[in-house]
Amino acid sequence: MTPKVRVRFAPSPTGEPHLGNLRTAVFNWLYARSTGGDFIVRIEDTDQQRLVPGAVNTILESLHWLGLDWDEGPDLPTGQFGPYYQSQRKTLYTVIKDLLITQGAAYECYCSPERLQEMRQTQQQAKTRVGYDGKCRDLSIADQEKSAATTSPVVRFRMPDEGTTTCTDYIRGDIVFDNSLIDDFVIMKSDGYPTYHFASVIDDHAMEISHVMRADEWLSSLPRHVHLYQALGYELPTFVHLPIILGPDRSKLSKRHGATSILEYKDAGFLPDAILNFLALLGWSLDDSSELFSRDQLIDSFTIDRVGDSAAVFDIDKLSWMNGVYIRDLSNSQLATEIEPFLDVSADLALATPDQPDLVDIVPVIKERIKTLREADEMISFFGDHELVYDPSLLIPKGLDEKHATTILDSVYPILEKTTDFTTATIDTTLRAHAIELELKPGQVFSVLRVALTGRTVAPPLFETMEILGQAQSLKRIRQAKTLMENRK
RNA sequence: GCCCGCAUCGUCUAGUCUGGCCUAGGACGCCACCCUUUCAAGGUGGAGAUCAGGGGUUCAAAUCCCCUUGCGGGCACCA
């Protein structure tokens, strides 16, 4: 019987998780959900210096927003595998560290940071291997006691000096590392906290993680981990090193590339389902043509076998397109609900008076015109019951003059006033007929009215807009347009 | 500098493991046309990749092997 799939997302609370971090979470989550396994969130807070207050909440909030749920994690009842903060598991690490020291697999090192720095510098200049030189490897008990009186040591893992280590990665296959090139790395810092290498190996084993899926940048420390597993007598999990996500300049995604925190994308008006879909496609594909996947389809079709092996550049244009697809896929009421938090310029719309248009009625005319929720606000601001501010010269379309514009506004007014059935279809036929009477192209008449009704030359369809605005408001705006024309100059 | 990884249209990718169906497919973006009251959306078509370069192996290579180059990552008492 194959052991249950248990995967984990193990961020360190040092800031807001970015797209790359979340993509790792997505793959882990997808794998857990598609195999009926467990998805675990573990907080790697062993670096006391870099802790950022509130980061854990931001991480959890990001996961939650993306719709990734976890079976075990810092905010859930601990159970047999907890706690899920590494800072709360210090005793475990300490006990195991002592064990390794007793076995001779690890040793205390009293070298000062200054000495280490110097050592590295010298090595760099001499162009030799850079790494710990093993000074404290075989200190006598007497020497240790002497040093212990003045400094608290770190603990280093004793790496073999020769031979090779063959590591197996699910995606890349076997990779051979030369042991002599890997130094005795620190597993316990002088403040009593473990390093990543040590804590993650212990926890992955203790939490019965079956697949360690993490970013590519960990690949080079894999041999250290393998040796740790061996020294500890642990069975190796399956390692899956995921290709990383690059910025447009092909360097590792970072703040320099603008928005990186997933929550910034939320604020920019992206839908979580769109982001999830997009993130899944960064490094994974099903076949040569599928790219729109619902959450369930993603879960159904995800396999590690189809994860790619090269880094991917994050393309905001494609994300925007995909977000547009998801927006158009929403029902009117769903879209209205999604848009509402983004309305501020046209706050007067939200506080609509009874005869003001309802957001749900407006939504269909902007649905296929927005790529993000945030764009909606600007696009619908003219629906509010306020006087439109615009340059009256916009009322004069290309090829026509001021007289035409005035004629159009003057003649259309009584016609619309008389219209009893103020709906899109009726307005359409009425105005078309009127254009013929005026011996003008319908488009010319419409563009004058478009500006009068919306204050802009680019807007949602005219007749729908008029119907939503209502007869009274539409007439009022034509009157305002006439006034503006008169006061021109 | 050393080590590891990666390498198909500008970008995401299919195809690589199991050579021939690939005169390399799809998508985003771009261009044109159609639809059309503007803008979108939609439809149709197009430009865009000598499969990083060079050597092999083979009847046949994007696919297998070697080298080179480029890019990325690592070489912390950071994760």
Side-chain angles (χ1 to χ4, degrees), chain A residues 10-14 44-47 49-50 109 111-113 116-117 120 123-132 152-156 167 169 171-173 175-178 181-183 185-191 193 195-197 199-200 214-223 241 243-244 246 248 250-252 278 281-292 305-306 308-322 324 328 365-371 379 397 428 431-432 435 441-447 449-451 454 456-463:
Chain A
S12 76
T14 50
E44 312 232 321
D45 56 347
T46 55
D47 186 344
Q49 262 79 50
R50 296 203 310 153
C109 166
C111 294
S112 69
L116 294 174
Q117 175 117 33
R120 267 192 291 272
Q123 289 167 341
Q124 224 128 43
Q125 275 159 14
K127 297 199 161 122
T128 54
R129 186 202 73 151
V130 177
Y132 185 61
S152 36
V154 302
V155 177
R156 290 184 183 273
C167 305
D169 175 74
I171 293 176
R172 323 207 180 263
I175 303 164
V176 182
F177 292 87
D178 197 337
L181 263 17
I182 304 167
D183 69 353
F185 57 99
V186 174
I187 58 174
M188 236 3 167
K189 298 180 268 189
S190 58
D191 63 1
Y193 282 89
T195 59
Y196 168 85
H197 305 297
S200 71
R214 73 227 305 190
D216 209 29
E217 64 216 64
W218 291 110
L219 198 56
S220 38
S221 34
L222 187 51
H241 289 91
I244 63 170
L246 271 22
R250 304 210 119 264
S251 73
K252 205 174 163 185
F278 183 76
L281 250 27
L282 239 37
W284 172 84
S285 67
L286 178 62
D287 52 36
D288 60 348
S289 55
S290 315
E291 48 185 359
L292 261 12
D305 293 284
R306 295 214 48 97
D309 40 21
S310 54
V313 173
F314 171 72
D315 180 13
I316 184 86
D317 282 341
K318 188 155 186 177
L319 205 213
S320 295
W321 162 77
M322 194 172 273
R328 274 172 255 136
V365 304
I366 59 161
K367 204 178 206 173
E368 51 202 32
R369 274 160 255 269
I370 54 172
K371 285 199 161 73
M379 198 166 285
D428 190 330
L431 289 182
R432 259 174 225 286
K441 285 187 200 161
Q444 296 178 310
V445 175
F446 300 157
S447 47
L449 291 176
R450 178 172 304 109
V451 175
T454 67
R456 50 184 89 175
T457 54
V458 173
L462 225 210
F463 314 130

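Predicted model, so just to flag it, every value in this text is computed and none were measured. Letters go in sequence order (proteins before strands), and every chain restarts at 1.
When atom types are taken as modelled, the side chain of A:D169 and the backbone of A:R172 share a donor-acceptor pair closer than 3.5 angstrom. At least one donor-acceptor pair under 3.5 Å links the side chain of A:Q123 to the backbone N or O of A:G131. Without hydrogens or angle criteria, A:T46 side chain to A:T195 main chain gives no donor-acceptor distance under 3.5 Å. Although no hydrogens or angles enter the test, the distance criterion places a donor-acceptor pair under 3.5 Å between the side chain of A:R306 and the main chain of A:L286.
For the pair A:R156 and A:F185, the NZ or CZ position fails the cation-pi test of under 6.0 Å to the six-membered ring centre and within 45 degrees of the ring normal.
For the P atoms, the distance linking B:rC22 with B:rU16 amounts to 13 Å, nearest Å. B:rG15 and B:rC64 are spaced 16 Å apart, taking the C1' atom of each and rounding to whole Å. Rounded to whole Å, the C1' atom of B:rA79 lies 40 Å from the corresponding atom of B:rU18. Taking atom C1' in both B:rC9 and B:rC28, one finds a spacing of 12 Å when rounded to whole Å. Across B:rG55 and B:rC51, the matching P atoms stand 13 Å from one another, rounded to whole Å. Taking the C1' atom of each, B:rU68 and B:rG26 are spaced 33 Å apart, rounded to whole Å. Nucleotides B:rA24 and B:rA47 place their P atoms 11 Å apart, quoted to the nearest Å. Spacing between B:rC35 and B:rG72 at atom P, rounded to whole Å, works out to 48 Å.
In this structure, A:D315 has no salt bridge (charged side-chain N to carboxylate O under 4.0 Å, His left out) partners at least two apart in sequence or on a different chain.
Rounded to a whole Å, the CZ atom of A:F314 is 13 Å from the P atom of B:rU13. Residue A:F185 contributes atom CZ, which lies 16 Å from atom C1' of B:rC3 at whole-angstrom precision. In this structure, A:D45 atom CG and B:rC78 atom C1' are separated by 13 Å, rounded to whole Å. For the pair A:F278 CZ and B:rU13 C1', the interatomic distance rounds to 12 Å; values are reported in whole Å.
Base pairing annotation: B:rC78 forms no Watson-Crick or G-U wobble pair, as no partner gives both donor-acceptor distances under 3.5 Å. Under the Watson-Crick or G-U wobble criterion, with both distances below 3.5 Å, B:rG72 is paired with B:rC4. Under the Watson-Crick or G-U wobble criterion, with both distances below 3.5 Å, B:rU57 has no partner in any strand shown. B:rG29: no Watson-Crick or G-U partner with both key distances under 3.5 Å is found in any strand. Under the Watson-Crick or G-U wobble criterion, with both distances below 3.5 Å, B:rU50 is left unpaired in every strand shown.
Other residues, nucleotides and ligands place no more than 12 heavy atoms under 6.0 Å from the NZ atom of A:K441.
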Find every protein N or O atom lying less than 3.5 Å from an N or O atom of nucleotides 71-77 of chain B, and list the pairs.
unit_1 : atom_1 : unit_2 : atom_2 : d
B:rG74 : O4'    : A:S220 : OG     : 3.1
B:rG74 : O2'    : A:S220 : OG     : 3.2
B:rC75 : O2'    : A:V130 : O      : 2.9
B:rC77 : O2     : A:S190 : N      : 2.8
B:rC77 : O2     : A:S190 : OG     : 2.5
B:rC77 : N3     : A:S190 : OG     : 3.0

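For the residue pair A:D287 and A:S290, a side-chain donor N or O sits within less than 3.5 Å of a side-chain acceptor on the partner. With hydrogens and angles left out, the side-chain atoms of A:H241 and A:D216 include no donor and acceptor closer than 3.5 Å.
Using a 4.5 Å heavy-atom cutoff, the side chains of A:R120 and A:Y132 are not in contact.
Between A:S310 and A:R50, the residue anchored closer to the 5' end of RNA chain B is A:S310, taking for each the nucleotide with the nearest heavy atom. Each of A:T128 and A:V176 lies near RNA chain B, and the nucleotide nearest A:T128 is the one positioned closer to the 5' end.
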> Which nucleotides of nucleotides 23-45 of chain B have their base under 4.0 Å from a protein heavy atom (B), which only their sugar-phosphate (S), and which neither (-), written as one string 5' to 3'?
Replying inline: --BSBS--------BBBBSS---
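In this pair, A:W218 and A:Y196 present their aromatic rings parallel. The plane angle is below 30°, not in the 30 to 60° band.
Here A:T46 lies in heavy-atom contact (under 4.0 Å) with sugar-phosphate atoms only. Within 4.0 Å (heavy atoms only), A:G308 reaches no atom of the nucleic acid at all.
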